[in-house]
Amino acid sequence: MNGTTDWFDVDRVADGWLQLTEGNPVLPCHSLVVEDGDDCVLVDTGLGIGDLPGMVRELTGHDDPTVLLTHSHWDHIGAAPEFADVSIHGDEQTADGSVAIDVLSDEFGQRPGQFIQSCIDQGVEFPDGFDPDGYSIDPTDGVGTLEPWEEISVGDRTLELVPIPGHSPGQLAVLDRTAGICHGADVLEPGGEIFAQFQDSDVDVYRETMARLVDLRDEGAFDTLTTGHGDPLHGDELSVLDEVQDALDSVASGEIPAETVETNYGPKLQYEVGDVVVLTKTETST
């Protein structure tokens, strides 16, 4: 049998930072726990399959962490309804203060079912008591609003909410200068892929985001970058940010050709620039 503790992998990625991973090997999704003294913050809530509140409680002793959602895509908001204090950027929530799978568009509606089927096909064992036939991403009501560059206190440390739109309009990074870590959510996918193919994605805005992250890295604000789905990047590995910046500039300028590829979200344009792959919308998917 597979209990919740088997569903999550836990890694310490920096002082005061734990990374909780679920969904392996189909779609590894990371939630980050930041703890200092009596304070605890949870960044993103993953797939909503295992008992995430129970895991946080087991690891930290906290029953009611503050939850910061980096953006509203389905694989980051799954367990949000299970927490009392949840906040997100205003561009990622409805006018009545809720977060749901269709806040930005209806293009994510099939993804939970596709994920479950892939897990079944690959023989993934779900936690005890989980019903794959009843799986859904439920709305979260009463969600608070986060502002770009807002600062959140966690014990003696400060978390800065850095605007990193482009992948989604209100995506926020969480920067901890004390620990030298930045959680960049989906600003970078595993293998150097850039997901700018969604209805609310914007390549030009993405370029500004990458320039912002490069500047923060160069000024020494962080030397570790965690993301929503890949391994943490450290030190010299952060040179990938320069490669991504160059790739996005090339895409925006029309210097390189694209090919149309089929994805879980329908046909998209794919650009290959060195080791970086950029996915964007087709003209018919805007």
Side-chain angles (χ1 to χ4, degrees), residues 13-14 17 19 21 27-32 34 43-46 68-77 88-89 91-92 104 108 146 148-150 159-177 179-219 221-235 237-252 265 268 270-271 273-281:
V13 294
W17 284 72
Q19 179 175 277
T21 305
L27 179 64
C29 293
H30 305 316
S31 301
L32 281 296
V34 188
V43 182
D44 284 341
T45 61
L68 310 178
L69 298 176
T70 59
H71 61 301
S72 63
H73 288 175
W74 73 278
D75 48 340
H76 296 257
I77 65 172
I88 197 169
H89 190 290
D91 288 345
E92 303 276 335
L104 297 177
F108 302 102
L146 300 171
W149 299 112
E150 184 176 343
L159 304 180
E160 299 174 48
L161 304 182
V162 180
I164 54 167
H167 173 75
S168 71
Q171 184 171 231
L172 295 169
V174 180
L175 174 64
D176 180 351
R177 294 176 188 258
I181 187 170
C182 179
H183 178 62
D186 284 357
V187 74
L188 180 66
E189 300 292 330
E193 287 192 313
I194 298 300
F195 283 4
Q197 76 271 38
F198 304 118
Q199 292 180 25
D200 285 278
S201 299
D202 188 314
V203 170
D204 288 330
V205 172
Y206 220 130
R207 294 167 66 199
E208 298 172 5
T209 281
M210 293 312 302
R212 185 173 300 120
L213 288 179
V214 166
D215 286 346
L216 286 168
R217 179 205 63 189
D218 290 350
E219 71 182 46
F222 66 93
D223 57 17
T224 295
L225 178 71
T226 58
T227 60
H229 304 286
D231 293 333
L233 301 174
H234 309 281
E237 294 174 322
L238 295 176
S239 63
V240 69
L241 299 180
D242 302 296
E243 298 172 25
V244 169
Q245 189 173 25
D246 291 342
L248 289 170
D249 288 345
S250 297
V251 169
Y265 302 92
K268 304 295 178 181
Q270 178 174 289
Y271 300 83
V273 187
D275 294 329
V276 177
V277 174
V278 179
L279 288 170
T280 69
K281 295 171 282 192

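Throughout, residue positions are numbered sequentially from 1 according to the sequence presented. Only heavy atoms go into these numbers, but all of them, side chains included; no hydrogens, no water, no symmetry mates.
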Pairing residues for Asp249 by the side-chain contact (heavy atoms from CB on, under 4.5 Å) criterion, not counting sequence neighbours: Arg207, Gln245

Candidate pair Ile164 and His71, rule side chain to side chain contact (heavy atoms under 4.5 Å, CB included), full reasoning: CA-CA 10 Å; Ile164 54 167; His71 61 301; over 6 Å; no

Measure the shortest side-chain to side-chain distance between [X] and [Y] over non-hydrogen atoms and say whether it is less than 4.5 angstrom.
X	Y	value
Gln270	Val277	yes
Thr209	Pro165	yes
Val162	Trp149	yes
His229	Glu189	yes
Leu225	Leu241	yes

Partners meeting side chain to side chain donor-acceptor pair (under 3.5 Å) with Thr224 (sequence neighbours left out): His234

Partner set under side chain to side chain donor-acceptor pair (under 3.5 Å) for Arg177, not counting sequence neighbours: Glu160, Glu219

Quick check: does any side chain N or O of [X] sit under 3.5 Å from a backbone N or O of [Y], one acting as donor and the other as acceptor?
X	Y	result
Lys268	Gln197	yes
Thr227	Gly184	no
Gln171	Asp186	yes
His76	Asp44	no

Glu92 side chain to Ser168 side chain, donor-acceptor N/O pair below 3.5 angstrom: yes

How long is the span from the [atom1] atom in [X] to the [atom2] atom in [Y], to the nearest 0.5 Å?
X	Y	atom1	atom2	value
Leu32	Thr21	CG	OG1	8.5 Å
Asp231	Leu233	CG	CG	8.0 Å
Leu248	Glu243	CG	CD	12.0 Å
His167	Asp200	NE2	CG	11.0 Å
Ser31	Leu68	OG	CG	11.5 Å
Thr70	Leu161	OG1	CG	10.5 Å

Derivation and outcome, side chain to side chain contact (heavy atoms under 4.5 Å, CB included), residues Ile194 and Leu188: CA-CA 6 Å; Ile194 298 300; Leu188 180 66; 3.8 Å; yes

Indicate the atoms forming the closest heavy-atom contact of [X] with [Y], along with that distance.
X	Y	result
Val278	Ala247	CG2-CB, 4.3 Å
Cys182	Leu213	SG-CD2, 4.3 Å
Pro148	His89	CG-NE2, 3.5 Å
Tyr206	Val187	OH-O, 2.7 Å
Ser72	Ile88	N-CD1, 3.8 Å
Val203	Ala252	CG1-CB, 4.5 Å

CG (Asp275) with more than 12 external heavy atoms under 6.0 Å: no

Derivation and outcome, side chain to side chain contact (heavy atoms under 4.5 Å, CB included), residues Val34 and Val174: CA-CA 10 Å; Val34 188; Val174 180; 5.5 Å; no

Side chain to side chain contact (heavy atoms under 4.5 Å, CB included) assessment of Val273 paired with Asp246: CA-CA 8 Å; Val273 187; Asp246 291 342; 5.9 Å; no

Qualifying residue, where the test is side-chain contact (heavy atoms from CB on, under 4.5 Å) with Phe222 and the options are Leu175, Asp176, Ile181: Leu175

Ring geometry between Phe108 and Tyr265 (parallel below 30°, tilted from 30 to 60°, perpendicular above 60°): perpendicular

Stepwise side chain to side chain donor-acceptor pair (under 3.5 Å) test for His30 and His183: CA-CA 10 Å; His30 305 316; His183 178 62; over 6 Å; no

